[in-house]
Amino acid sequence: GAGVSQSPRYKVAKRGQDVALRCDPISGHVSLFWYQQALGQGPEFLTYFQNEAQLDKSGLPSDRFFAERPEGSVSTLKIQRTQQEDSAVYLCASSSGTGDSPLHFGNGTRLTVT
Amino acid sequence: GNSVTQMEGPVTLSEEAFLTINCTYTATGYPSLFWYVQYPGEGLQLLLKATKADDKGSNKGFEATYRKETTSFHLEKGSVQVSDSAVYFCALSTNAGKSTFGDGTTLTVKP
């Protein structure tokens, strides 16, 4: 596809439910990032993949958060037993290389936990 | 750790006014610096970048110069248009590829 695709666009979950957010990066991009964006703030780093290897997961806020990219393309961010503080926009971004390569963002998934 | 501090908004300007949005950073090593823009209803997209000291990034009439001595990367445009209304994010990236963002500055340009 032409850009990074995320689904669903909106997700409402009851507290305690599990959710799965999908990201389809730009074809050929080796690097994939997940960010969390609270209202009125900048994106906060969650985790980073290079191909299928998860190289950095230091930003995941708890062990309820899990991300995978098993074939080095599509990625899924899973949140178990959702809590109200998990409500945010979850952004996926991909890039072609290292530090000076810009990020290409998807439109995000807005998660609301009630 | 790395951090980015950018000018708080919102910023409201009249069309054709001069724009400056301040951005300063703290980083270990030599980061690359970026400005991203988010137009209403759209995702973040790259506006411009600079990868080393004294580099100037430019795009769509916007400019920013990587100033290592003042650890700054201020965004400027000489004459803003209504279509420039958006949220602007300053960011840095290290060799690891992980980017750190500022909190964003909302710009509204009135005709």
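Residue numbers begin at 1 in each chain, while the letters A, B, ... track the order of the sequences.
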Below 4.5 Å from any heavy atom of chain B, which atoms of [X] appear? Answer side chain, backbone, both or neither.
X: A:Thr47; result: neither
X: A:Glu44; result: neither
X: A:Leu55; result: neither

Identify the two heavy atoms, one from B:Asp103 and one from A:Gly42, that lie closest to each other, and give their separation to 0.1 Å.
-> OD1-N, 3.3 Å
Looking only at heavy atoms, what is the nearest atom pair of A:Leu103 and B:Ser99, with distance?
-> CD1-OG, 3.7 Å
Quick one: do [X] and [Y] end up in the same hydrophobic cluster if we chain Ile, Leu, Val, Met, Phe, Trp and Tyr together by side-chain heavy atoms under 4.5 Å apart?
X: B:Phe34; Y: B:Leu19; result: no
X: B:Val87; Y: B:Val80; result: no
X: A:Val89; Y: A:Tyr35; result: yes
X: A:Leu32; Y: A:Tyr90; result: yes
X: A:Phe33; Y: A:Phe66; result: no

With a cut-off of 6.0 Å (strictly less than), are more than 12 heavy atoms of other residues, nucleotides or ligands near CD of A:Glu71?
-> no
More than 12 heavy atoms of other groups within 6.0 Å of B:Glu16 CD | no
B:Glu42 portion near chain A, given a 4.5 angstrom heavy-atom threshold = backbone
Going from OG on A:Ser101 to CG on B:Leu46, what distance comes out if it is rounded to the nearest 0.5 angstrom?
-> 10.5 Å
How many angstroms lie between CZ in B:Phe89 and CD in A:Gln37, if you round to the nearest 0.5 Å?
-> 4.5 Å
Think B:Lys98 forms a cation-pi with A:Phe45, using NZ or CZ under 6.0 Å from the six-ring centre and within 45 degrees of its axis?
-> yes
